[in-house]
Number of protein chains: 2
Amino acid sequence: MTNIKKVSELAGVSTATVSRALKNPELVTEQTREKVMKAVQKAGYRPNWLATSVKTGKSNSIVVLVPNLVNPFFMRIIEGIEQAAQEKGYSVLLGDTQGKASRENEYASMVLTNRADGLIQLDHSFPFSQNDAELAETVPMVSVCERIEGEKRYPFIELDNYAAGRALTHHLISYGHRSFGIIAGQLTSQIHHDRLAGIQSVFKEEGIEFDQSMLVGGSYRIETGIEGVQELLRREQRPTAIFCFNDDIAIGALYELKRHGLRIPDDISVTGFDNVKVSAYMDPPLTTVDQPAYEMGRRAVEVLIQQINRQPLQRTREILPFQLLERGSTGPVKS
Amino acid sequence: MTNIKKVSELAGVSTATVSRALKNPELVTEQTREKVMKAVQKAGYRPNWLATSVKTGKSNSIVVLVPNLVNPFFMRIIEGIEQAAQEKGYSVLLGDTQGKASRENEYASMVLTNRADGLIQLDHSFPFSQNDAELAETVPMVSVCERIEGEKRYPFIELDNYAAGRALTHHLISYGHRSFGIIAGQLTSQIHHDRLAGIQSVFKEEGIEFDQSMLVGGSYRIETGIEGVQELLRREQRPTAIFCFNDDIAIGALYELKRHGLRIPDDISVTGFDNVKVSAYMDPPLTTVDQPAYEMGRRAVEVLIQQINRQPLQRTREILPFQLLERGSTGPVKS
DNA sequence: GCCACAAATGTAATCGATTACAGTTTTACG
DNA sequence: CGTAAAACTGTAATCGATTACATTTGTGGC
């Protein structure tokens, strides 16, 4: 390996000078800088990043914990994270947790071992084990999308899910719907509660009764949409509109509803959530809520880096705007 | 920070003993091991990974260069990579290149600076700049999916794209199709050539003439499918079947064909490639070629780690099996 | 109980950088 | 031209581990 020592010998200067010529060129003469550069070139020298990091105590890496890589919504967030991180000189370590606590913990502890400087959580649990709970107090961390229940120590980047739930409901009610189904994702998550609460609040205002049996589902997958529809269609009174808590669920729902010979939106309306790319190209195109995923990722990095640098945060919750996209999967109720 | 020194003082032993107790427990007495463990516990000590790495000269990380994070096909590969890497004690650095050479180069050079031990390339260019070309000779690298043109130094994990092209063509011909359109992705890539060559070889055998004007496209995106269809429909003789070189293109094609009032597969057949999750839930479900993406990712890591450990490779090309999935988007030609 | 050898532990060098401090050279100015 | 300050460079300590080598302790055989 070519190291700084070899370069220093080649250039006939000390290692300190080589280091300075590369990192703080203004500290050396033009002349020595050139000497050094020539030696660097000749030796094909690249500074050992590990050594630099161990000295400075900073790894310039961040870990991203994500429950599922194949979800394009998450990946859009990560795209934003990656982009922003790259711009700020950080690199991104991927932590595919598959929703398992043990894996979350494993990845999270990378921060405790100096393998990473901070952590972005796209899932919704506190990723440190009981063992590390105290250590974790000082770990720079940001939660995107999801809120970690009961956590007040870390900042959140989120959507106003409550308002989005209300907006979707208003939209459907404006089409005359009064009989609903809801196919939810993970039921224990905070965003689930927020969205549901939004929907319920409008129900109440409009005098629509909420009934636990209209709520089905349990994970953010296409299959959940399919099974959810099957369940909803078994009920005595078929809903005229179905809220799906993400686009994947909606895609499954669309598929299964059509398989049952139902026309969308004539027989039944369907809404999604997230606005993943394909949602606009479904048949019919999905009415959904656009989340600024890319921007959320970028913002998360900015906030995280502030934390890493121990700068005080202005606020601990950031709520980004959503947009209701009315497309073809919703329409007037058939009278 | 709690470091090994502090622990050694707490335990009343030398740092060497602490290190041994943690990494090679069989070298110390039961008694001292316990003493050390107690001290570790008490101090909340976690070994500094950077320091360990700088000493051993291994970062236990690999970089993955990927042109596009939102493509679920790539993400499935990366899922396999992530999983296998994790099992072998490696972590994965994400390199979203967006197809830009400068970014590829930036990420690739992480290996030259000891930030990573090896590199998996999902794009199809040689990611090192002219400057680093010689250095790169010794960089452990594997290419998945794509072949790097003219590269003989690195192993490839790929699909038999030629055979897959043939299989698709046979399938369509068996339905009586003789008039085709092709919407391709990146035209400069090797897989493009392979798939096209496969199609053409069957054309030749069947006496179907290949005409440059039946080939449109240029990138693996939904929009390409839409524009491709528009272009193909402008031709005097409308094709009865369209090959799309990935599922995203096919999704765009399906969308646009339906917008033109065409029924699939009655009026026109469409094939995809990759078998991304949603392809099975389109309307109609997409006939496509399944690639064992997850497995390819896993395999890439195994091969890469062999290279990192300087073990000789059995073979430099590995070709994984595909599977033709006949679904609803293809059917008999209307006579 | 003594000696040889094995096992356990400690000391200090090392990995490849950065940087405080010291020493040397250059510049500025009276 | 002399001197103080500034600019540059070198020496050596340092980051937090690991590990070769040295030293101490323990064990078994006679």
Side-chain angles (χ1 to χ4, degrees), chain A residues 1-40 43-61 89 109-117 135, chain B residues 1-40 43-61 89 109-117 135:
Chain A
M1 258 310 115
T2 64
N3 51 19
I4 201 169
K5 187 117 175 279
K6 194 175 284 175
V7 174
S8 76
E9 285 163 7
L10 250 161
V13 297
S14 73
T15 62
T17 303
V18 175
S19 176
R20 283 191 278 251
L22 293 172
K23 299 274 152 81
N24 298 84
E26 72 278 7
L27 291 181
V28 301
T29 7
E30 173 86 14
Q31 206 181 3
T32 43
R33 186 160 64 242
E34 273 174 21
K35 260 196 310 192
V36 170
M37 289 313 183
K38 208 161 285 174
V40 164
Y45 170 73
R46 290 306 205 77
N48 184 318
W49 172 84
L50 288 167
T52 308
S53 292
V54 81
K55 192 72 202 351
T56 61
K58 274 202 57 180
S59 67
N60 286 297
S61 305
S109 69
M110 288 177 145
V111 187
L112 301 177
T113 58
N114 285 48
R115 189 163 188 163
D117 298 332
L135 292 175
Chain B
M1 259 307 118
T2 64
N3 50 19
I4 201 170
K5 186 115 174 283
K6 195 174 284 178
V7 174
S8 76
E9 285 163 8
L10 250 160
V13 296
S14 72
T15 61
T17 302
V18 174
S19 177
R20 283 190 279 251
L22 293 173
K23 301 272 152 82
N24 299 85
E26 72 278 8
L27 291 181
V28 301
T29 3
E30 174 86 14
Q31 206 180 5
T32 44
R33 187 159 63 244
E34 272 173 23
K35 260 196 311 194
V36 170
M37 289 314 183
K38 207 161 285 174
V40 165
Y45 171 72
R46 291 305 206 77
N48 184 318
W49 172 84
L50 288 167
T52 308
S53 293
V54 81
K55 193 73 201 352
T56 61
K58 275 203 55 181
S59 68
N60 286 298
S61 305
S109 68
M110 288 178 148
V111 187
L112 300 176
T113 57
N114 285 48
R115 189 162 188 165
D117 298 332
L135 292 175

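In what follows, chains are A, B, ... by sequence order, proteins preceding strands, each numbered from 1. Side chains included, hydrogens not; waters and symmetry mates left out as well; all remaining heavy atoms used.
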Original post:
Among dG16(C), dG10(D), dA12(C), which nucleotide sits nearest the side chain of S14(A)?
Top reply: dG10(D)
Original post:
What nucleotide among dT9(D), dA17(C), dG10(C) has an atom nearest to a side-chain atom of V28(A)?
Top reply: dT9(D)
Original post:
Is V54(A) touching bases, backbone alone, or none of the nucleic acid, heavy atoms closer than 4.0 Å?
Top reply: base
Original post:
Which nucleotide, dT19(D), dT9(C), dT18(C), lies nearest any side-chain atom of A16(B)?
Top reply: dT19(D)
**OP:** Report the nucleotide, chosen from dT18(D), dG10(D), dG16(C), that has the shortest atom-to-atom distance to any side-chain atom of K23(B).
**Re:** dT18(D)
Original post:
Could you state the NZ-P distance from K55(B) to dT18(D), rounded to the nearest angstrom?
Top reply: 9 Å
**OP:** Indicate, with a heavy-atom threshold strictly under 4.0 Å, whether T56(A) touches base, sugar-phosphate, or nothing.
**Re:** nothing
**OP:** Provide, to the nearest angstrom, the distance between the CD atom belonging to E30(B) and the P atom belonging to dA8(C).
**Re:** 11 Å
Original post:
Choosing from dT19(D), dT9(D), dT19(C), which nucleotide comes nearest the side chain of S19(A)?
Top reply: dT19(C)
**OP:** Mind checking S53(B) for me? I need base, sugar-phosphate or nothing, with any heavy atom below 4.0 Å counting as a touch.
**Re:** nothing
Original post:
Between T52(B) and dA17(D), is there a side-chain N or O to OP1/OP2 distance below 4.0 Å?
Top reply: no
**OP:** Give a yes or no answer on whether the side chain of R33(B) reaches the backbone of P25(B) with a donor-acceptor pair at less than 3.5 Å.
**Re:** yes
Subject >> Presence of salt bridge, E9(A) and K6(A), under 4.0 angstrom >> reply: no
**OP:** Nearest whole angstrom, please: distance from the C1' of dG10(C) to the NZ of K35(B).
**Re:** 12 Å
